[in-house]
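Shown next, in structure tokens, is the structure this report addresses.
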Number of protein chains: 2
Amino acid sequence: MQFSIGVEYALHSLLHMVDLPSGKPIGVKELGLFNGISETYLSKVFTKLRKAGIVRSLPGVNGGYELARRPEEISFWDVIEAVEGASPIFQCAEIRQNNILVDKDNLPDSFSKCPCLIKVVMLEAEAQMRQYLANKSLSWLSHELRNKLPEDLNHSIDDWFKDVLTK
Amino acid sequence: MQFSIGVEYALHSLLHMVDLPSGKPIGVKELGLFNGISETYLSKVFTKLRKAGIVRSLPGVNGGYELARRPEEISFWDVIEAVEGASPIFQCAEIRQNNILVDKDNLPDSFSKCPCLIKVVMLEAEAQMRQYLANKSLSWLSHELRNKLPEDLNHSIDDWFKDVLTK
DNA sequence: CTATTATAGATAACAATTATCCACAATATC
DNA sequence: GATATTGTGGATAATTGTTATCTATAATAG
């Protein structure tokens, strides 16, 4: 049970879009090159991010993607949900209905009234994780890394993107 | 991204082992039949549960499995970890090392000193979920269901297992 | 008009999950 | 001791999901 690698691609890419000058979209090609990851797969990931309203696309020459909202308002969970889809981690298969004592075509009232308790526990556990991730924003991540990475690396990164955008 | 169906199989099966008389193991065949799920796959799941020390096996005629610890001391998380394995949900691929500005064979100090911050966030999020699940025990689940399910269904369940064990 | 970029669909390569089968070891019962 | 039952471990098949690529198309800046 794992998150898709697409989540990691998305976060590492979106991170660097925080500080780009507005009105200057960045292409999937550049983001893929910068991160050393598959460009074509990354383009699929960005299509999902766009459909989720996290980024905005600008087709055509010098086009690309830019953040569709302020980075304070883009959380880790927003990104995960966009890339992974909204379905829960624990997909209850309702096997209680397979129980030998239960008639599937005529379920007892207690089943329609109460959801499977195991499912309830799992969903609540997932909600705990979700809450934590919904409180970590892209802008927080960006600031933390500016503080933690060495000055010169931050500088090289800034320069690289400045270079690419003025090509 | 989803938990294996094996987790659901395990929880639904272990649940009914809580109230069995001690010294009376129950077979995978019976548990599979009772829950209406694949017996052969369930046997693989129980092998994992045994290796994790959650159940104890007794081979031979009238053999089967029984809980290896008190149900108060078996948590949802114990079961998940046994079935899914202990590897984290977010398997950081360290793509920061692929970065075009980074020499993979000569990583900057900041990389060896600090783990990828995105990974740190994800692991902490998983820890939130884990903590919740580590606090829900098999005995809690069993008691809750005894209260919530209708009297007659609880009774039929008890009868079914009593029947099977005295065959 | 042309080059560039995102979009969408098809599809391939690969990996993981789910499920089954078989040979074998252990054990209760007769 | 013979036999039937039950777990064990390995091999494998069927199915599904993930990751990655390619192609054709639409949009747009210059």
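Naming convention: chains lettered A, B, ... in sequence-line order (proteins, then strands); numbering from 1 in each chain. For clarity, every value in this text was computed on a predicted model and none was experimentally measured.
- Rounded to a whole Å, the CD atom of A/Glu8 is 16 Å from the P atom of D/dT18.
- Considering only heavy atoms from C-beta on, A/Ile5 comes within 4.5 Å of A/Tyr41 through its side chain.
- In terms of position along DNA chain D, the nucleotide closest to A/Glu84 lies nearer the 5' end than the nucleotide closest to the other residue of the pair A/Glu84 and A/Pro59.
- Among the nucleotides D/dA20, C/dT5, D/dT8, the one closest to any side-chain atom of B/Ser57 is D/dT8.
- Closest approach to the B/Val28 side chain among D/dG7, D/dA20, C/dT18 is made by D/dG7 (side chain taken as heavy atoms from C-beta onward).
- Between the C1' atom of C/dC14 and the OH atom of A/Tyr41 lies a distance of 13 Å, rounded to the nearest Å.
- No side-chain N or O of A/Gln128 forms a donor-acceptor pair with one of A/Gln131 less than 3.5 Å apart.
- In the set C/dA6, D/dG9, D/dT28, the nucleotide with an atom closest to the side chain of B/Lys51 is D/dG9.
- Using a 4.0 Å heavy-atom criterion, one finds that B/Gly60 contacts the bases of the nucleic acid, with or without backbone contacts as well.
- A donor and an acceptor atom sit less than 3.5 Å apart, one in the side chain of B/Lys44 and one in the base of D/dG10.
- Proximity of A/Thr47 to the phosphate of C/dT7: a side-chain N or O atom is located under 4.0 Å from OP1 or OP2.
- Atom C1' of nucleotide D/dT28 and atom CZ of A/Arg56 are separated by 17 Å, given to the nearest angstrom.
- A donor-acceptor pair is defined here as one N or O able to donate and one able to accept, closer than 3.5 Å; such a pair exists between the side chain of B/His143 and the backbone of B/Ser139.
- Residue whose closest nucleotide on DNA chain C sits further toward the 5' end, between B/Tyr9 and A/Ser43: A/Ser43.
- A/Gln91 has its CD atom 15 Å from the P atom of D/dT16, to the nearest Å.
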Run the numbers on B/Glu66 and B/Arg56 for salt bridge (charged side-chain N to carboxylate O under 4.0 Å, His left out), then give the verdict. CA-CA 5 Å; B/Glu66 60 186 15; B/Arg56 187 175 17 243; 3.2 Å; yes
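- Atoms CD (A/Gln2) and C1' (C/dA16) sit 10 Å apart, rounded to a whole Å.
- Nucleotide D/dT6 holds its P atom 10 Å from the CD1 atom of B/Ile26, rounded to whole Å.
- For the pair B/Asn62 and C/dT29, the criterion of a side-chain N or O lying under 4.0 Å from OP1 or OP2 is met.
- Rounded to an integer number of Å, the gap from A/Glu66 CD to D/dT28 C1' is 15 Å.
- If you measure from atom NZ of A/Lys48 to atom C1' of D/dG17, you get 11 Å, rounded to the nearest angstrom.
- An OP1 or OP2 oxygen of C/dT5 is reached within less than 4.0 angstrom by no side-chain nitrogen or oxygen of A/Arg50.
- Between B/Thr40 and C/dT18 there is no side-chain N or O to OP1 or OP2 distance below 4.0 Å.
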Before you tell me yes or no, could you show the steps for A/Asn135 and A/Ser75 under side-chain hydrogen bond (donor to acceptor under 3.5 Å, both in side chains), namely the whole-Å CA-CA distance, both residues' side-chain angles and the distance that decides it to 0.1 Å? CA-CA 7 Å; A/Asn135 272 310; A/Ser75 73; over 6 Å; no
